[in-house]
Amino acid sequence: MAEPVSFEPFVAVDIGSFSLKFAYVYRDENGSPVLKTLSQLNIPPYETELTPEQRETMSKDDVREHCLKELRQFLTTHITELLYDNEIQTKRAITFASNREVTIRCIEIPPVVEKDKLTEAVTAEANKQMPFSMGNAVLGYNVQGDVIKDEKALTQIMVAALQKDIIDHVNGNLKGGGLSNEGILTLPQSLELALSKQMGPYSEGDKKVGIIHCGNTTTSVLIYKNGKIQFFRDVNMAGATITDAIYAGGEIDGQEIKFKHYNEAVELKHKLGVMPPDEIKNLSGAEKFAAQKIFETVEKIFQHIQLSISFYITQSGETGLDKIILTGGSAGMSNFKDFIEESLEVSTSLANPFLKVKIGEIKYDEQKLEVEAPALSPILGVALYNNEPEIINFVDILFPNRKSQSVNIGGVSSKFGGNISAKLFELDEKKLRIIAGLLAALLILVGLYPIVKIRQQVSKTKDEYKKLNARLSQLNASQGDVQSMLVEQEKMKQYESFPNEIERLKVKNAQLLVELASMTPRQIFLTTAEFATSGEDPHFKLQGHADNSDSVFEFLSDLGKSALFHSPALESTQEVPIDETRYFIRFVLNGKIHPEKLTNAQPVEEAPPSDGAEDMGLE
C-alpha cells in the first residue's frame, strides 16, 4: 500500500462582517502542529460610514457593490502584507462557512451498508429537511455512528448544504491577495478540530456537552453526546444585534442618546459587558443606556438558547447537559460566561483552542490572546485541518477530480528507444496534423456507429408500437361497455361502508380537532391535518406556516403536553422568502395519538319533547 501523501500547507482565513482572522500552522519534525502566524484585523464598517447625502443617491445594490469593492481592496492589501511579513510561501487558503451560508441538520436513517445507497438515502432525507432547493447547493455529510431507539437501529448523520454561489463569493474575496480557495469547512467540525482536547472528558459515558457559538449575526447551539453531534440550531440574534441596539440610540433618564460612529457602540459593548441591573443603576448617560440595551438583548438571546436546549432534552429524553463551552466574539464579553452559567445552572467555560497547538513566535498581544480565544476558535480549527476524510470540505465535494495526478513521460526510458518523449517530439508539424486528422476521423466513425444502431432500433420500436395500438383499439371497442360497468361497480363498493365510517369517526375527529384548535397559537397557521385513529399505529400529521422557527418549536413543545397527542416530532421545515429581508417557515409535524383517550360515537336516540320544551316553543 502506498504511503499517504502529506497535506500541502495552507493559510486559514475567516472573512467576517467586522474582522479578518488569519492563521498559519505548520507541522514540526514530530508531526505536532505549531502556530506560526495569528492575526485579527478589524474591517471598517463601510456601510455605516456612508453619509446621508451619499445614501440618497445610492440604491441598495449600489451600497452593496460599494461595500464589496471596499472590502476586497482591504483584503488585497492586508492579506498580501500578512503573507509577506510572515514569510509564508503557500498560496492555498481554506475557510469555513456559517450563518445563512450553510444549513446544518442532524438526521437519523435506517442503516445502509453500501456507500452509494447511503449517499442516495442521505440526499433524499436532506431534500426534505433543507429550506432551499438542493439543485443550487453542495451537499456533504458525516456519519456519526449507529444507535438503538425504540428497539430500532438508526444511523446518526450530520448533513450540511452550502449554496454554490458562496464558493464564487469566497473565490472573489481571496483572489486579490493571490490566494486560491482550497476548502470550505463547516462551523461544527471547525470547532471540533479546535476544541477536541477541551471536549475530551465528555466524549464517553453518555456525557453531553453544549457549544454555544456567539457569532456576529447568528448564535449557534450545538449539543454533543459521547463526542458525536446530536443537535444544531441557529438563532438569528448575536453580537451585531447587541451593537445595533446600542447604535440605534434612544432616551435614558430624560436624556437623548445618539452615537456618531458605529465603533462607539462596539467599544461600549466590550467595555461594559453584561452588567446586573443593580449595577446599571449607578451609571449615567450613554454608558447607562448601552448597559441597559446589552442586558435586554442578551436576555432575549438567552431565551432562544434555553428554548433550543430544552427542545433537545424533550425530544431526546435526556436529563440535561454536563458542560457548556462558549465560543465566538461575544462570548468574551465581561460577565457573559457568568450570566449563562447562572441562568442555565450548568458548568460553563470559555473555549481554549490553544490546548491542541504549540504557540510559536506569533505577533499577538498575550493579554488579548486569552480574551479573544473564544473568537479565534473556529479559525484555529480550520488551521489544524489535515485533510481528514471525515471532515466535510465543500470544495472537494464540488470538484472531486480537481487534484489530478500526472505522469512524467520524459522520465520513462527504454533500452530500445531511449527517451520516449524525445522520440515523440521529433515529429514535425505536418505529420502531427495528419495523425490528429486520422484520430479525429476514427473517433467520429466510432461515435456514429451507436447512433445508427439506436436509430434503427427506434424505427423498429415505432412500427411495433403502431401495431400494438391498433390491436388495443379493437379490444377497447368491443369491451368498452363491460369495462365501464366494472368501474361503476367498483365505485359503488367503495361507498358501502362510508356511512358506518362517518358514524365511527365523527366524535373522534371532533375531539382531535377541538384539542388541536385549543393548542394552536395565533402565530401558527395550519393548512392540513391528517388523523389515523384506527389500526395498530394511530398517528397524526400536521402541515402549516409560521412566522419564525421559534413558534414551531413552542407549538411542538405544547403538543407534547397534550392528553390526546404524544411523541410529536418535526418532520421538515423550509424557509420561504417573502422579499430580500423577510421569510416565513413552512413545516410538517407528525406524532402519535392516544386512542384510549378518544370517545367512541354512540347512536343518538330521539327523545319525546317534554312539556317544558313545548312551552318554550322548541317543539
Notebook entry, point to check: Which atom names give the shortest non-hydrogen contact between R27 and L384, and what distance separates them?
Noted result: NH2-O, 3.2 Å
Note to self: For L380 versus A194, what's the shortest heavy-atom pair and its separation?
What the structure shows: C-CB, 4.4 Å
Next item on the list: Give, for atom OG1 of T218 and atom CD of E101, the distance between the pair rounded to the nearest 0.5 Å.
Entry: 9.5 Å
Next item on the list: I would like to know whether R64 and E47 meet salt bridge (Lys or Arg N to Asp or Glu O under 4.0 Å); could you show each step before the answer?
Entry: CA-CA 8 Å; R64 191 181 298 111; E47 186 172 351; over 6 Å; no
Item checked: Minimum heavy-atom distance between Q523 and S551, given as atom pair plus value -> CB-OG, 3.6 Å
Next item on the list: With sequence neighbours excluded, tell me which residues meet ring-ring contact (aromatic ring centres under 6.0 Å, His included) with H545.
Entry: F584
Note to self: Quick one, S572 and F587 - any side-chain contact, counting heavy atoms below 4.5 Å?
What the structure shows: no
Next item on the list: Apply the side chain to side chain contact (heavy atoms under 4.5 Å, CB included) test between F394 and each candidate in L398, D396, I392; give the one that qualifies.
Entry: I392
Checklist line | CA sep, side-chain torsions, deciding dist, call: E65, K69, salt bridge (Lys or Arg N to Asp or Glu O under 4.0 Å) | finding: CA-CA 6 Å; E65 288 298 321; K69 181 181 177 182; over 6 Å; no
Checklist line | Considering all heavy atoms, the nearest K208-Y312 contact | finding: CD-OH, 3.9 Å
Checklist line | Donor-acceptor pair, side chain of D116 and main chain of L118, under 3.5 angstrom | finding: no
Next item on the list: Work out which heavy atom in V382 is nearest to a heavy atom in F10; give both atom names and the distance.
Entry: O-CZ, 3.3 Å
Note to self: How close do I242 and V298 get, counting heavy atoms only, and between which atoms?
What the structure shows: CD1-CG2, 3.8 Å
Checklist line | For Q156, the option from Q144, Q230, K228 that meets side-chain hydrogen bond (donor to acceptor under 3.5 Å, both in side chains) | finding: Q230
Note to self: Is there a side-chain contact between L38 and F22 in this structure, where contact means two heavy atoms from C-beta onward sitting under 4.5 Å apart?
What the structure shows: no
Item checked: Verdict with reasoning, E125 to R105, per salt bridge (Lys or Arg N to Asp or Glu O under 4.0 Å) -> CA-CA 10 Å; E125 186 64 25; R105 293 286 186 270; over 6 Å; no
Note to self: I'd like to know if the side chain of S19 pairs up with that of K21 as donor and acceptor (distance under 3.5 Å, no hydrogens or angles considered).
What the structure shows: yes
Check: Is the distance between the ring centroids of F339 and F302 less than 6.0 Å?
Finding: yes
Check: Should N226 and D206 be marked as a side chain to side chain donor-acceptor pair (under 3.5 Å) after you check the CA-CA gap, both sets of side-chain angles, and the distance that decides it?
Finding: CA-CA 5 Å; N226 293 330; D206 288 340; 3.1 Å; yes
Notebook entry, point to check: Can E182 and R92 be counted as an ion pair, charged N to O under 4.0 angstrom?
Noted result: yes
Next item on the list: Determine, stepwise, if the pair F311 / F553 fulfils ring-ring contact (aromatic ring centres under 6.0 Å, His included).
Entry: CA-CA 7 Å; F311 177 76; F553 286 121; 4.5 Å; yes
